[in-house]
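Worksheet: one structure, shown below.
What you see below is based on every heavy atom in this structure, not just the backbone, and it leaves out hydrogens, waters and symmetry mates. Letters A, B, ... are given to chains in the order of the sequence lines, protein chains preceding strands, and every chain is numbered from 1.
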Amino acid sequence: MEFGYSEEQKMLDESIRRFVNSEIPLDRIRELVLEGTGFDQTIWNGLSELGVLGVIIPEEFGGAGMGFLDATIIQESLGYVVAPAPFLGTCIMAPTAILAAGSDDQKNKWLPEIAAGNLKVGLGLSEVTGVRENAGVTFEGGKVSGKAMFVIDGECADGYILAAGKSTLVWVAAGAAGLTKTKLNTVDNTRGVVELVLDGVEAELIGSAGSEAAAVQKVIDAGRTALAADLLGTSQRMLERAVEYAKERKQFNRVIASFQGLKHTCATMAADLEPCRAMVWYAAHCQQEIADEATLLACQVKSHLSEVSTPIANDTTLVHGGMGFTDLMGLHFWFKRIGLSRQLLGSPESVREEAAVLQGWIAA
Amino acid sequence: MEFGYSEEQKMLDESIRRFVNSEIPLDRIRELVLEGTGFDQTIWNGLSELGVLGVIIPEEFGGAGMGFLDATIIQESLGYVVAPAPFLGTCIMAPTAILAAGSDDQKNKWLPEIAAGNLKVGLGLSEVTGVRENAGVTFEGGKVSGKAMFVIDGECADGYILAAGKSTLVWVAAGAAGLTKTKLNTVDNTRGVVELVLDGVEAELIGSAGSEAAAVQKVIDAGRTALAADLLGTSQRMLERAVEYAKERKQFNRVIASFQGLKHTCATMAADLEPCRAMVWYAAHCQQEIADEATLLACQVKSHLSEVSTPIANDTTLVHGGMGFTDLMGLHFWFKRIGLSRQLLGSPESVREEAAVLQGWIAA
Amino acid sequence: MDLSYGTEYDDYRDEVRAFIKEHGHKSPASSKQGNKPDTEDKAWQKLLIERGYAARIIPKEYGGYGGEADLLKSVIIDEEFDGAGVSKGLGGQGISMLVPTLLELGTDEQKKKWIKPTLMGDIFWAQGYSEPGAGSDLASLQTKAHVEDGKFVINGQKIWTSSAHFADMMFILVRTEPDAPKHKGISYLLLPMDTPGIEIKPLVTMTGEATFNEVFFEDVKVPTDQIVAKRGEGWMVANATLKHERGMLGDPRQSSSLLHQVVALMNEESVNGVRLMDSPLFRDRLLKLQGRVMAMQYNSMRLLTNDLSGNTELMPILVVKLIGTHLNQDICGLAIDALGELGVLYDDSKYLRNSGMWQTRYMFMLGLIIGGGTSHIQKNIISEHGLGMPREPKPQLKA
Amino acid sequence: MDLSYGTEYDDYRDEVRAFIKEHGHKSPASSKQGNKPDTEDKAWQKLLIERGYAARIIPKEYGGYGGEADLLKSVIIDEEFDGAGVSKGLGGQGISMLVPTLLELGTDEQKKKWIKPTLMGDIFWAQGYSEPGAGSDLASLQTKAHVEDGKFVINGQKIWTSSAHFADMMFILVRTEPDAPKHKGISYLLLPMDTPGIEIKPLVTMTGEATFNEVFFEDVKVPTDQIVAKRGEGWMVANATLKHERGMLGDPRQSSSLLHQVVALMNEESVNGVRLMDSPLFRDRLLKLQGRVMAMQYNSMRLLTNDLSGNTELMPILVVKLIGTHLNQDICGLAIDALGELGVLYDDSKYLRNSGMWQTRYMFMLGLIIGGGTSHIQKNIISEHGLGMPREPKPQLKA
C-alpha cells in the first residue's frame with residue numbers, strides 16, 4: 001500500500017518545480033501573454049531537456065516511458081506558474097490518442113517527434129462534448145470538412161488531431177490546403193486556443209473510421225484529468241499567494257493575516273483544496289491502471305476541481321484588496337487560467353451529467 | 001410614495017409583538033409541542049381579543065377589513081415566537097378561498113365564524129403542487145374521495161377546504177362520515193399537519209366545479225406569501241438570538257461576539273435577511289393590489305426566504321455551540337419550523353420552476 | 001402602502017419625458033464617459049442645468065439650477081434618463097464629491113472660484129485619496145506635505161486615481177501633521193495637475209483596461225491657501241465628501257439590468273441544440289438570482305421611503321454594498337457558465353457574445369467587491385454598526 | 001502508486017472473513033450500542049480479543065491480545081467487520097480513551113486494576129471533560145476539587161457526558177490548583193459513579209434523543225490516589241487521551257455510506273410521477289456531493305499511506321473534521337430537499353422514509369459540526385497550524 005508519489009516521482013516533482021519556478025517567472029508570463037501563442041521555444045526546450053515531453057510515450061518510441069501520474073505531476077507544476085506551454089495537447093492528449101488508436105507506423109512517425117520536442121499537436125474534440133455554432137467535422141474519402149472550435153494548444157501546433165464525430169480520429173497537418181485557422185482569444189492568454197475551418201482538407205485516419213469511440217473517450221478522460229491537475233497547481237499557487245500577501249500586508253497596525261475573518265477565508269480555501277490533491281492522484285492512477293473507473297474519475301476530478309477553484313480565484317483576489325484587482329501583481333493570470341480550465345472539455349455541469357449517465361443513474 | 005407600514009400597521013405590529021412576546025414564552029411552546037396539535041385555546045383567545053383573526057375578512061362579514069400586509073405582519077410575529085396557532089390556514093388561506101370562490105351564503109356562513117374564532121379550517125392543496133403516494137381528491141356527485149396529504153393546520157380544524165384537482169374547491173366538515181384523519185408528525189410540532197383519507201365524504205362546493213383554478217392559485221399565493229412572512233419572523237428571531245448569545249458568552253476571556261469570524265457569520269446572516277423584509281412587504285402588497293405580480297412574487301418570496309433561512313437555522317445553532325444542539329435553549333423549535341416552512345406548499349426548487357413557467361421562460 | 005409618487009410627480013415625469021423626446025438626440029453617447037468633456041458634453045450639461053436636470057439643488061450663484069431638494073424628482077430624472085439611455089450630464093468626482101464638499105465646508109471664495117467651472121466641465125477633477133499602503137485603513141495614508149516658503153511640499157504616492165491622465169485639478173488628502181494622531185494629521189488640498197513634480201502612470205487592472213492611475217508626487221508645491229478647512233481637518237472633510245457617495249455600489253437597478261440581459265442571452269443561446277433557458281440547472285440559478293435581485297429592489301424602495309420621510313434605518317443601508325456587489329458578480333458568473341466555452345472568449349474574439357461584457361463585468365464586479373470597503377470590511381461594519389457587536393479588542397502593544 | 005495491501009494482508013483478510021462467516025451470527029446488533037454491555041456483548045468481546053480483532057495491541061497482562069501494531073490489519077478489520085455489519089466489539093470512551101491513556105501515563109497498579117475489566121466490559125466509563133462554560137475553551141473548566149481529609153472534594157458540573165446514566169466509573173478533569181495558570185491547575189481523576197453527591201440529568205438534544213447527560217457534583221469525595229499523573233498535570237494527560245481520538249469526526253466512510261443511501265432513495269422515490277433521480281437539480285447536487293465524497297476518500301488513502309510510512313503531513317489531517325462534517329450534513333440536506341414535504345416527516349409518522357434518518361442525521365451532523373471543535377475553531381487551527389498564519393494578538397488588558 002503506497003498511495004502517493006514514489007521516490008522517482010518525488011524527484012520528478014522537485015525537478016519540474018525547480019525548473020518552472022526559476023525559468024518561468026511572472027515577468028516572462030507577462031511578455032508571453034502579449035504574444036498569446038501559448039508557446040515559448042525556450043520553455044519548451046527546457047522541458048525537453050528535463051526529458052518530460054515524452055513522459056507518457058513508451059521508450060520504444062523515444063519517450064520516457066513514465067506513467068500518467070508523472071504527466072499530471074508536470075501539468076500541475078505548469079499550472080502552478082501558469083506556464084504558456086502546449087503540454088496538455090501535445091504531450092498528454094495527442095500521445096494518448098496515437099497510442100490508443102494509431103497504427104505502428106503512425107506511432108513510429110509521430111511519437112518520437114513529440115518526445116523530441118519537434119512536433120506540437122493541437123487537439124480538437126470540443127464538439128464531442130458540446131456543439132455550438134453548428135461546429136463539427138465530417139470525414140469522407142480521406143478528407144475532412146467542417147469546423148472544429150476550441151482546439152486546445154492549436155495556435156502553435158504543427159498538426160492537429162481532430163474528432164470527426166464521436167468515434168473517428170484524424171490527423172491534419174498545419175498549413176494543409178483548405179485549412180483556415182483562427183485564434184480564439186479567451187480570457188486566458190497563456191493558452192492558444194483556435195478554431196479550424198476545414199474545406200476538404202486532406203486527413204489521415206488514426207485507427208478506423210467510426211470505430212474509435214473508446215479512444216476518443218480516453219483522450220477526453222486524459223485531457224480532463226490533466227486539466228484538473230492544472231487547476232490544482234493554479235489554485236494551490238493562488239492560495240499560497242493569498243497567505244504570503246496576508247502575512248506581509250499591514251492594516252490597522254497588524255498584518256492582515258492575523259484578522260480572523262481573513263484567516264477563515266484562507267482556511268476555507270485550503271480545506272476545500274487539500275483533498276483535491278489525493279483526488280488528482282487517484283484519477284491519474286485510474287487513467288493508466290483502473291480502466292473501469294477512468295472515465296468516472298476524469299469527470300468527477302475535472303468538475304470538482306473546477307468548483308473548488310472558482311471561489312479560490314475570487315477569494316485570493318479579495319484577500320489582496322485593490323492590489324489583487326490590478327495587473328501589478330499578475331494574480332489575474334491565475335484567475336483567468338482557472339476560468340478557461342473550468343470550461344475546456346466540458347463545463348462542470350455538463351461533465352457531471354456525463355458521470356450520471358456513466359453510472360446508470362439516468363439514460364444517455 | 002410610502003413603501004412600508006402605515007401608522008396603523010406600526011401599531012398593529014407593536015401590539016401583536018407585545019402579545020406574542022408576553023403570552024407565548026418558550027416554556028409554553030415546549031408544553032404545546034408535546035401536545036402537537038398546533039393549537040392552543042388561550043393563544044387563540046388572545047389573538048381573538050386583539051381582533052386579528054378576521055384580519056383579511058371584510059367588516060360586513062364580521063372581520064377587521066384590514067389588508068393582506070396586515071395579515072403578514074401578524075404571521076411574521078407568530079413565526080418570531082414559533083407560535084402554535086392555525087392562523088395560516090384558518091385566517092389567511094381559508095378566507096382567501098371563500099372570498100375568491102364562495103357564494104354570499106357561504107361567506108355569511110363561514111367568515112363571521114372564522115373572525116370570531118369559532119371556526120378553524122385546515123387547507124389541503126398539497127397535491128396541486130406535487131403528488132406523492134398517489135394522493136389526490138376527486139369530486140363527484142356532491143362527494144369527495146381520495147387522499148389529501150399535508151393538510152395545513154388540519155389537526156385542530158373544524159372543517160377543511162380541499163382542492164379536488166387544480167380547479168375545484170370543496171368544504172368538508174371535520175368528523176364527516178367516511179373521513180379519516182391521520183396526524184403526520186413532522187420535525188415541526190408547532191404545526192398540526194394531517195392526512196385526510198376520504199371515502200365518499202359529503203362535500204360542499206366552493207364556487208363551481210372545475211372553474212376555480214384562479215381561486216386555487218390565489219389561495220396558494222396567499223399561503224406562500226404568509227409562509228415567507230413566517231420564515232422572516234423565525235429567521236429574524238434566530239439571528240437576534242445568535243447575536244444576543246454571542247454578546248454574553250465568554251470564551252478565551254472575551255465575549256465571543258468580539259471574534260471576527262463569528263461577527264462575519266452573523267453579518268452574513270443579517271445581510272442576507274435584511275432585504276427579505278422589504279420583499280415580504282412587496283409580495284404581501286401584490287396579493288391585494290397588484291394582481292399581475294401576485295403569483296410571481298408569491299413564488300419568489302417563498303423560495304428566496306426558504307434559501308436565506310436554511311443557513312440561518314444552521315449558523316445560529318453553530319454560534320450557540322453545544323448549547324445550540326441541546327433542547328435547553330429551545331433554539332431547535334425555530335430550526336425545525338424553518339425546515340417545515342421550506343417544504344410546505346412546494347419546495348423552493350419546484351416553486352421556482354412555477355415562476356419560470358409564469359414568466360414564459362419555459363413551457364408549462 | 002402607497003407606491004405612486006403622486007399627481008405632482010406624474011406631471012413632472014411627463015415634463016422630463018417631453019424634454020427627452022425633444023432634446024434627447026443631443027445627448028452624448030454613454031461610451032464617452034471617462035474622457036475629458038468636449039464641446040458636445042458641455043453643451044448638453046449646460047442645457048441640463050438650465051432645465052434643472054443637472055446640478056438641481058446647487059445655488060444659481062455658483063452655476064447650478066438653484067432648485068429645492070426633491071428626492072422623488074431626482075429619482076424620476078434617474079429613471080427616465082436611464083430608461084431612455086440618455087446622458088444625465090457630466091460625471092466625475094469633481095461634481096459628485098468635491099462640489100458638495102465645497103458647498104458644505106469651502107470658503108466663499110473657494111465656492112465662487114471652483115464650483116461653476118466644475119459644473120460646466122471646464123475644470124475636471126481627480127480624487128487623491130487611496131494609497132498603496134492605505135487600503136481598508138485609509139486614515140493611515142502616508143503621502144506627506146510639509147510647509148516651505150508659504151507652500152505645502154507634497155511627496156508620496158496615490159493610487160486608484162481615475163481620470164488623473166486628463167484631469168485639470170486634484171483634491172487630495174495628505175499628512176501635514178506627522179506628530180498628531182493618525183486621524184488628526186491629515187489635510188485636504190486642491191492642486192493643479194500640471195504642477196511640476198507630478199508623474200502619472202496608468203494603472204492596468206485585471207480586465208486589461210487602464211481607467212485608473214497611479215500618481216507620484218515629488219516635491220510638488222501647493223500654496224497654503226489651497227486648503228479646504230484647516231490643517232489637520234482633512235479627515236473630517238473627506239468624511240463629509242464620502243457621505244455624498246453612499247449607496248452607489250451595489251445599486252439594484254444595475255443588478256436588474258444585468259439580470260434582464262442574462263434572460264435574453266439564455267433565451268437566444270443554445271448548446272447541442274438545447275436552448276440555455278431549457279437547461280434546468282442554469283434556469284434554476286437564474287431564478288435564484290432573480291429572487292435576490294427582487295429583494296434588493298424592494299429594499300431600495302424601502303430606503304427611498306426612509307429618505308423621503310427622514311426616517312433612519314441603518315441595516316437596510318449597510319447591506320447594499322455587500323449583497324449588491326456579490327449579486328452582480330454572481331449574475332455575470334451565471335452568464336459565463338451558461339455560455340460554457342463561448343463564455344471564456346475575450347477581447348475581439350470571433351464568436352464573442354455581448355461584446356465580451358460578461359467576463360469584463362465579472363472581473364469588474366470583483367473589483368467593486370473589493371473597492372469602497374472590501375466585503376470583509378463591510379461585514380465588520382454590519383456586525384458592529386448594524387448588530388451592535390463589539391469591535392475587536394485592541395491588541396497588546398509589544399514591550 | 002500501489003493500492004494493494006500485499007499478499008500477507010490478503011491472507012489476513014481471508015482469515016477475518018472466515019471468522020466473520022463462522023462466528024458473525026453471535027455479534028450483538030448495532031442498535032445495542034450506547035447501552036450497558038450485557039452477557040452477549042461481553043461474550044462477543046471476549047472472542048474478539050482472543051482472536052486479536054479487539055484490543056489488538058494491548059499487552060496480554062492487561063487483558064489484551066498482545067499483538068503488534070499493524071495499521072493495515074486494523075484497516076482490514078474495520079473494512080470487513082463494517083462491511084458485514086458485524087460488531088467490532090465494545091465501544092465507549094473507557095476503551096477508546098482511558099485505556100490508551102493509562103497505558104501511556106498510568107501507574108502499574110492502575111493498569112492492572114482498570115484495563116482488563118474495562119476491556120471485558122465489566123467496568124464501563126463515562127468521560128467528564130466538557131462544561132457548560134468551557135466549550136471551545138476547554139482549559140477554562142471550572143469544576144473544582146480541594147483536598148480535605150485525604151480526599152479530593154469535587155464541586156461543579158459536567159455536560160455532554162454520554163453513558164453517565166449507566167457508567168460504573170468516570171475519568172474527569174477538575175481544577176485542583178486554582179492559583180496556577182489555567183492549563184496548569186487541572187488534575188485527572190478516576191471516580192465511581194455511585195459516589196454520594198453525584199446527580200445525573202439526561203440532556204435532551206434537538207433530535208429529541210437523550211444520549212448525553214449533565215452531571216452535577218456536590219461535595220463528591222475521591223481518594224487522592226485516584227489520580228492519573230500528578231496534580232496539575234491533568235491537561236497534559238487529557239491531551240494524551242485526545243490524541244487517541246483523532247480523525248473519527250468526518251470519516252469519509254460514513255459520507256460514502258450516506259451518499260449511497262441517497263442514490264438508492266433518489267432511484268426509488270418519485271414526485272408527480274417523476275423519479276427524483278430524473279430531476280436535473282437534485283441529480284446535479286448529488287453529483288457535486290459525490291465529487292466531494294470522492295476527494296475525501298482519496299484523502300483518507302493518503303493519510304493511511306502516511307501513517308504506514310511514518311510520514312507526517314498536517315494539512316490533509318486538519319481538514320477532515322471541517323470538510324467531512326459539513327459534507328455529511330449536506331448529503332442529508334439533499335435527501336430532505338429531494339423528498340420535499342415527505343422529507344419533513346419525523347418520529348413515527350406515516351409515510352416516513354428510511355425510518356426518519358435524514359432529519360435525525362441532518363441535525364446530528366450539525367451537532368458534529370459543533371462538537372469536537374466547532375467549524376470556527378477548525379478554521380483557526382487550519383489557518384494557524386496548516387497555513388502558518390499568526391494567532392490573533394492578545395487583547396489589551398483593561399486598566
Side-chain angles (χ1 to χ4, degrees), chain B residues 36 126-127 129-134 149-150 182-189 193 195 249-254 256 258-262 265 310 313-314 317-333 335-336 339-350 352-353, chain D residues 130 132-137 139-140 159-160 203-208 210 212 214 269-273 279 281-282 326 329 333 336-352 356 359-360 362-364 366-371 374-377 379-380 392 394-395 397:
Chain B
S126 176
E127 286 68 37
T129 55
V131 175
R132 291 158 198 274
E133 298 282 341
N134 299 312
M149 290 173 73
F150 304 104
T182 308
K183 174 146 193 271
L184 297 179
N185 287 322
T186 74
V187 279
D188 174 22
N189 242 352
V193 177
E195 175 195 46
R249 170 84 171 172
K250 279 194 175 184
Q251 294 274 274
F252 305 104
N253 298 318
R254 291 161 59 174
I256 60 174
S258 72
F259 285 102
Q260 205 182 44
L262 200 140
T265 298
T310 301
N314 280 312
T317 309
L318 176 62
V319 165
H320 281 75
M323 281 297 117
F325 182 63
T326 68
D327 174 64
L328 296 169
M329 311 210 77
L331 254 189
H332 62 99
F333 298 122
F335 181 99
K336 291 166 178 172
L340 179 58
S341 297
R342 179 182 172 93
Q343 304 299 347
L344 279 182
L345 292 175
S347 66
E349 296 83 6
S350 69
R352 279 193 296 270
E353 205 65 352
Chain D
S130 295
S136 296
D137 185 12
S140 71
I159 195 171
W160 300 113
L203 181 67
V204 179
T205 64
M206 66 192 298
T207 65
F212 300 100
E214 293 178 281
E269 199 72 46
S270 293
V271 188
N272 287 336
S279 152
L281 293 184
F282 295 128
H326 283 277
Q329 202 205 17
I336 292 169
D337 280 352
L339 283 167
E341 285 172 321
L342 289 178
V344 296
L345 297 179
Y346 204 56
D347 287 334
D348 55 352
S349 183
K350 194 174 174 185
Y351 303 123
L352 194 66
Q359 284 286 353
T360 315
Y362 182 71
M363 290 186 260
F364 191 74
L366 177 56
L368 295 186
I369 285 170
I370 292 167
T374 70
S375 291
H376 284 137
I377 298 291
K379 288 180 190 172
N380 288 345
E392 284 195 289
K394 294 210 169 170
L397 298 173

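One N or O on the side chain of D:T360 and one on the backbone of D:G356 form a donor-acceptor pair closer than 3.5 Å. A distance-only check finds no donor-acceptor pair linking the side chain of B:Q251 to the backbone of B:I256 [under 3.5 Å].
If you measure heavy-atom distances from B:T129 to chain D, the contacts under 4.5 Å come from the backbone alone. When heavy atoms are compared at a cutoff of 4.5 Å, B:F252 approaches chain D by way of both its backbone and its side chain. Both the backbone and the side chain of D:L345 come within contact range of chain B, each with at least one heavy atom under 4.5 Å from a heavy atom of that chain. Proximity to chain B involves both the backbone and the side chain of D:E341, based on heavy atoms less than 4.5 angstrom apart. With a 4.5 angstrom heavy-atom cutoff, B:L345 touches chain D only via backbone atoms. In this structure, no portion of D:A210 lies under 4.5 Å from any heavy atom of chain B. Heavy atoms closer than 4.5 Å to chain D are found in the side chain of B:T182, but not in its backbone. With a 4.5 angstrom heavy-atom cutoff, D:L342 touches chain B via backbone and side-chain atoms both. The part of B:E133 that comes within reach of chain D is its side chain, from C-beta onward, which places non-hydrogen atoms under 4.5 angstrom from that chain. With a threshold of 4.5 angstrom between heavy atoms, B:F333 does not approach chain D through any atom at all. In this structure, chain B has no heavy atom under 4.5 Å from any part of D:N380. Contacts of D:L352 with chain B are absent, with no heavy-atom separation under 4.5 Å from either backbone or side chain.
In terms of non-hydrogen atom pairs under 4.5 Å with chain B, the most contact-rich of D:I336, D:I159, D:D348, D:L366 is D:L366. Of the residues considered (B:F335, B:F325, B:F259), B:F325 shows the highest number of contacts with chain D, using heavy-atom pairs under 4.5 Å. For the set B:L184, B:N134, B:L262, B:L344, the entry with the most heavy-atom pairs within less than 4.5 Å of chain D is B:L184. When each of D:G273, D:P132, D:G343 is scored by its heavy-atom pairs under 4.5 Å with chain B, the top score falls to D:P132. The choice from B:T265, B:D188, B:L331 that makes the most heavy-atom pairs within less than 4.5 Å of chain D is B:T265. In terms of heavy-atom pairs under 4.5 angstrom with chain B, the leader among D:D337, D:D347, D:I369, D:T374 is D:D337.
Residue B:S126 comes nearest to B:M149 through the heavy atom pair CB-O, 3.2 Å, listed as atom of the first residue, atom of the second, then distance.
To the nearest 0.5 angstrom, D:M363 atom CE is 11.0 Å from B:N314 atom CG. A distance of 9.0 Å separates CD in B:E195 from OG in D:S349, rounded to the nearest 0.5 Å.
Open room surrounds CZ on D:F364; 12 or fewer heavy atoms of other groups in view lie less than 6.0 Å from it. At most 12 non-hydrogen atoms from other residues, nucleotides or ligands lie less than 6.0 angstrom from NZ of B:K250. More than 12 heavy atoms of other residues, nucleotides or ligands sit less than 6.0 Å from atom CG of D:N272.
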*For B:L340 and B:F150, what are the C-alpha separation, side-chain angles and deciding distance, and is it a side-chain contact (heavy atoms from CB on, under 4.5 Å)?*
CA-CA 11 Å; B:L340 179 58; B:F150 304 104; over 6 Å; no

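Between D:F212 and D:W160, the angle of the ring planes goes over 60°, which puts this pair in the perpendicular group of the 30/60° scheme.
Using modelled atom types and a 3.5 Å distance limit, the side chains of D:K394 and B:N253 yield no donor-acceptor pair.
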